[in-house]
Amino acid sequence: MATQHLDPTDPTASEVTGDALAGYLRSQATEFLRALRLHRENGGAANGAEESVDAARALRRSARRISGSLHTFRPLLDTDWSEEMRPELAWLSGTLGLEHAYESRLERLLLALHRLSGSTSLPAQAAITSAPAAASRAAGAARVGAAALPSAGGPANPTPTVERGNLTVGAAKAGALLERQLTLARTRAHSTALQALGSSRFHAVADKVAVLASEVPLTPTAPTTDLRPLAAAAEERLTDAIAALPLLTAGHPYNAEALVHGLSPDPSPHPQDGPWHQVRLLLRLHRYAREVLYAGSAPVDVRLLAAGQALNRHRDASEAAAAAAQAARTPRIAPATAYALGVLHADQRHEVEAARFAFQQAWQKETVNAP
């Protein structure tokens, strides 16, 4: 386990007190209020859709940073106020993010279907380019397709040509099914977000953020307390969680257990994914803590950036695989459609494995280069 050490020449080499936390929270609260004003100004405009989306994204960004800072530095803040604010900010951020999540998921799955049903062979993952990896991908897709079609019949070991034909037949209907399901989910998420922004619950949150923009409820000792130990504790929680990950198995190109679980009747989230999602959240908290220490302008850490991008890919692929599996459970769909969804699920679970491998590479590089 490696811990990143601060450069003695950087601003955080000396004591950083609670006053810096107060300044950071005020700046994020101000960003929140600015985004809210833009959202209200553009929400009803005929050509303000893009601006409204950007404003909602800025709202989520500020809400996440305020909530994350309240979590990391909670000993320096009024306990009752902090514990009341954090879940409300998490609710707001999650609600505003659903519409974009469904839109991105649909785009990801349709692009994957187009790629998989093309005239070329199934491509290997960018991070796993060996011949055995490509072979295992094709074999995995065949097994999952068979699992999704217990009554479809056919040869026990179909040839790549047969696989491609079956996939091409079902891909269009699979795409249409996914588009119906995810577009409906996106529409509902949009309505939910609009209702949330007009609710008394949201107005209560906005009022508290408005107060935060001018007055931060620090404890009496916070202005003279060093923030660095609490930031270091956040980093330690991250490195401990990473140490508990099965990094040694993250380089394997085929994870049969992940594919079997995804197409089982059990709709619960994949048990392998939870620890990785947790690491992603802890990495985000670590980044926000660095922003506080650097007064909101932390230098870009390329290694952390690469690790974060890999974990974002992991999250996106995991959720896309779950959506494909959910669509495959739709009653009375055609066998070719179910087969295409099975291949799509296998493809996205391979994306999950590739993202884990990319994270492993990024984190090992950080470990090697750390002083």
Side-chain angles (χ1 to χ4, degrees), residues 94 97-118 122-128 133 136-138 140-141 143-145 147-148 167 170-190 250 253-281 308-330 333 337-359:
L98 280 178
E99 180 182 359
H100 175 71
Y102 285 124
E103 180 182 11
S104 298
R105 197 170 305 155
L106 175 59
E107 181 180 4
R108 180 187 186 91
L109 287 169
L110 293 182
L111 286 174
L113 267 178
H114 178 74
R115 169 172 52 83
L116 292 169
S117 61
L122 291 174
Q125 295 298 333
I128 308 172
S136 69
R137 172 189 282 274
R143 284 194 286 272
V144 172
L167 180 58
K173 290 185 177 180
L177 176 59
L178 287 168
E179 188 161 9
R180 286 196 303 272
Q181 292 183 346
L182 292 175
T183 299
L184 176 60
R186 179 192 173 190
T187 301
R188 289 174 175 170
H190 180 74
Y254 179 70
N255 187 341
E257 181 183 349
L259 301 179
V260 171
H261 175 89
L263 290 177
S264 73
D266 183 8
S268 61
H270 196 285
Q272 292 184 6
D273 296 342
W276 294 87
H277 295 331
Q278 180 65 14
V279 166
R280 177 176 171 271
L281 294 177
Q309 289 173 341
L311 291 173
N312 286 339
R313 285 174 50 206
H314 177 276
R315 187 271 316 271
D316 293 345
S318 170
E319 293 179 348
Q326 181 63 33
R329 298 186 186 100
T330 302
I333 59 175
T337 306
Y339 178 84
L341 290 169
V343 174
L344 180 60
H345 173 268
D347 175 76
Q348 291 303 301
R349 288 310 305 184
H350 275 284
E351 291 280 357
V352 168
E353 297 302 312
R356 292 179 181 178
F357 181 77
F359 173 82

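Side chains are part of it too, since the values below use all heavy atoms of this structure and drop only hydrogens, waters and symmetry mates.
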### Task
Go through His314 and Arg280 one step at a time and tell me if the side chain to side chain contact (heavy atoms under 4.5 Å, CB included) criterion holds.
CA-CA 9 Å; His314 177 276; Arg280 177 176 171 271; over 6 Å; no
### Task
Assess whether side chain to side chain contact (heavy atoms under 4.5 Å, CB included) is satisfied between Asp316 and Glu351, documenting all intermediate values.
CA-CA 9 Å; Asp316 293 345; Glu351 291 280 357; over 6 Å; no
### Task
Test side chain to side chain contact (heavy atoms under 4.5 Å, CB included) on Leu177 and Leu341 and set out the steps.
CA-CA 10 Å; Leu177 176 59; Leu341 290 169; 4.0 Å; yes
Is the closest side-chain heavy-atom distance between [X] and [Y] below 4.5 Å?
X	Y	result
Trp276	Val352	no
Leu109	Gln348	yes
Ser318	Arg349	yes

### Message
List the residues meeting salt bridge (Lys or Arg N to Asp or Glu O under 4.0 Å) with Arg186, not counting sequence neighbours, and say none if there are none.
### Response
Glu99, Glu103
### Task
Check step by step if side chain to side chain contact (heavy atoms under 4.5 Å, CB included) holds for Arg188 and Leu184.
CA-CA 6 Å; Arg188 289 174 175 170; Leu184 176 60; 3.7 Å; yes
For [X] against [Y], the heavy-atom pair lying closest together:
X	Y	value
Ala171	Leu113	O-CD1, 3.8 Å
Ala355	Ala310	CB-O, 3.5 Å
Arg108	Arg313	NH2-O, 4.3 Å
Ala323	Leu178	O-CD2, 4.0 Å
Leu344	Ala112	CD1-CB, 3.6 Å

### Task
Would you confirm whether Thr183, through its side chain, and Glu179, through its main-chain N or O, come within 3.5 Å as a donor-acceptor pair?
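At least one qualifying donor-acceptor pair exists.
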### Query
Hey, is Asp273 close enough to Arg356 for a salt bridge, meaning N to O under 4.0 Å?
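Answer for the salt bridge query: yes.
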## Note on the structure
Separation between CZ (Arg105) and NE2 (His100), nearest 0.5 Å, reads 10.5 Å
#### Entry: Inter-residue atom distance Tyr102.OH - Glu319.CD, 0.5 Å rounding
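The distance works out to 9.0 Å.
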